[in-house]
Amino acid sequence: MSDNGSVSGASWSLNGKDQGKLALNASGEFSVSGLNLGYGANEIAVKALDEAGNAGTSSVSVTWSPERTLKIGTVLERQEGQGVEIPIELESQGGVSSMTFVLKYDPVYLAEPELVWSSEMLGVLNSVNTSVVGELKCAFSLGGSKSVSGGARLVSKVAFRVRSIPEELESALGLEVLEMADTDGNTFEASTTAVGGGAKLQLRRVKGDNNGNDRLDV
């Protein structure tokens, strides 16, 4: 930073959230370590003030594309009583042999979860733990020297029944990777993230239509 007088202070923000003041050296330079970027585009803005109160700002957009991303795929809108399918996808450069992750959902709006693994994820271990309401703890291990192919790959699909809702809404779906490892059992410590999503839920169009097929069944 520079000024024809002197810079009195500086601050910065990440994706619109204030991150506080910046410490400047004698040359007006600064650095920030341990920066945690979010998946996709990140907007970093810096603001400087001089002794007269004049302000100058500058911003830059930084895109983080991790090597491994577990995410919610495209979810189609569904109404009360219908089933909604949640695809879980892995984008990677390959080499993932095992993974444990948690899918979090709101049991007030979604019920009766049922997970089906994709054919590529079927290995020596496939498990789903439903003991905690609102969570599915899932794990797979392909075993041996097998690993998931690179690119975008379907991990599994989770089907829910949409419960009665007070109004049209989007029910949040959270994802958390607990562990992801290669064929030697080495855990990937860096460049790995999980991205949640949401399911858009609609009110039933016909009152008394319990299965969401837009008619009354007698």
Side-chain angles (χ1 to χ4, degrees), residues 38-40 66 68-92 96-143 147-181 188 192-218:
Y39 176 78
R68 293 161 292 273
T69 302
L70 187 71
K71 67 177 186 177
I72 302 293
T74 301
V75 181
L76 300 179
E77 294 184 5
R78 288 292 182 262
Q79 60 177 300
E80 297 169 299
Q82 290 183 334
V84 60
E85 197 170 65
I86 312 299
I88 301 175
E89 302 170 351
L90 174 65
E91 290 184 355
S92 74
V96 176
S97 181
S98 63
M99 178 167 52
T100 301
F101 63 93
V102 175
L103 171 66
K104 298 181 180 181
Y105 64 94
D106 192 336
V108 174
Y109 305 125
L110 300 176
E112 302 170 13
E114 183 177 347
L115 182 142
V116 177
W117 295 100
S118 73
S119 58
E120 189 174 2
M121 305 304 155
L122 294 175
V124 297
L125 169 67
N126 292 91
S127 68
V128 181
N129 189 325
T130 60
S131 60
V132 178
V133 177
E135 291 186 4
L136 292 180
K137 186 176 182 180
C138 314
F140 74 84
S141 177
L142 301 183
S147 63
V148 180
S149 305
R153 294 290 181 266
L154 178 67
V155 174
S156 62
K157 291 184 178 181
V158 184
F160 292 96
R161 178 179 61 82
V162 180
R163 305 183 69 177
S164 296
I165 57 177
E167 59 187 0
E168 292 189 358
L169 53 85
E170 182 166 344
S171 186
L173 298 164
L175 269 182
E176 179 183 0
V177 174
L178 302 182
E179 185 179 25
M180 193 182 295
F188 296 112
T192 298
T193 192
V195 181
K200 292 185 178 180
L201 309 180
Q202 302 172 330
L203 295 170
R204 56 175 57 91
R205 288 184 283 269
V206 178
K207 289 185 178 181
D209 174 19
N210 294 325
N211 59 6
N213 64 356
D214 291 332
R215 62 175 182 263
L216 294 178
D217 298 308
V218 179

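As a basis for the values below, the full set of heavy atoms in this structure was taken, side chains included, without hydrogen atoms, waters or symmetry mates.
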Any idea which heavy atoms bring [X] and [Y] closest together, and the distance?
X: Leu70; Y: Val155; answer: CD1-CG2, 4.0 Å
X: Glu77; Y: Gln202; answer: OE1-NE2, 2.5 Å
X: Pro107; Y: Gly134; answer: CD-CA, 4.0 Å
X: Thr193; Y: Pro66; answer: CG2-CG, 3.5 Å
X: Ser97; Y: Gly143; answer: OG-N, 4.1 Å

- Query: Who passes side chain to side chain contact (heavy atoms under 4.5 Å, CB included) against Ala152, sequence neighbours left out?
  - Reply: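 Per chain and number, Ala152 pairs via side chain to side chain contact (heavy atoms under 4.5 Å, CB included) with Glu91.
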Value rounded to 0.5 Å, distance of [atom1] in [X] from [atom2] in [Y]:
X: Glu167; Y: Leu201; atom1: CD; atom2: CG; answer: 11.0 Å
X: Met99; Y: Leu178; atom1: CE; atom2: CG; answer: 10.5 Å
X: Tyr105; Y: Ile86; atom1: OH; atom2: CD1; answer: 11.5 Å
X: Leu110; Y: Arg78; atom1: CG; atom2: CZ; answer: 12.5 Å
X: Ser131; Y: Leu136; atom1: OG; atom2: CG; answer: 10.0 Å
X: Leu115; Y: Asn129; atom1: CG; atom2: CG; answer: 12.0 Å

- Hey, could you give me each pair passing salt bridge (Lys or Arg N to Asp or Glu O under 4.0 Å) that has a residue in residues 125-143? Not counting sequence neighbours.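 Every pair satisfying salt bridge (Lys or Arg N to Asp or Glu O under 4.0 Å) with a residue in residues 125-143: there are none.
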- Task: Sorted by first residue and then second, give each salt bridge (Lys or Arg N to Asp or Glu O under 4.0 Å) pair with at least one member in residues 152-165; sequence neighbours left out.
- Result: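 As it turns out, the salt bridge (Lys or Arg N to Asp or Glu O under 4.0 Å) pairs with a partner in residues 152-165, which skip direct neighbours, are Glu85-Lys157, Glu112-Arg161, Glu120-Arg153.
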- Message: Between Ser92 and Arg68, is there a side-chain donor-acceptor contact under 3.5 Å, judged purely by atom types and distance?
- Response: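 On atom types as modelled, these side chains do not qualify, holding no pair under 3.5 Å.
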- Query: Should the ring pair Phe140 and Trp117 be called parallel, tilted or perpendicular, given that the plane angle runs from 0 to 90° and is split at 30 and 60?
  - Reply: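 Because their plane-to-plane angle is over 60°, the rings of Phe140 and Trp117 count as perpendicular.
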- Report, as yes or no, whether the 6.0 Å neighbourhood of atom CD on Glu114 holds more than 12 heavy atoms from other residues, nucleotides or ligands.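 12 or below, so no.
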- Would you say the side-chain atoms of Ser171 pair up with the backbone N or O of Tyr109, donor to acceptor, closer than 3.5 Å?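 Here the side-chain-to-backbone pair does not exist.
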- Message: Closer than 3.5 angstrom, by distance alone: can the side chain of Glu80 be matched with the main-chain N or O of Ile165 as a donor-acceptor pair?
- Response: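 Flag set: sc Glu80 to bb Ile165 pair under 3.5 Å.
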- Query: Do the side chains of Leu103 and Ile72 get nearer than 4.5 Å, heavy atoms only?
  - Reply: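 SC-SC contact between Ile72 and Leu103 confirmed.
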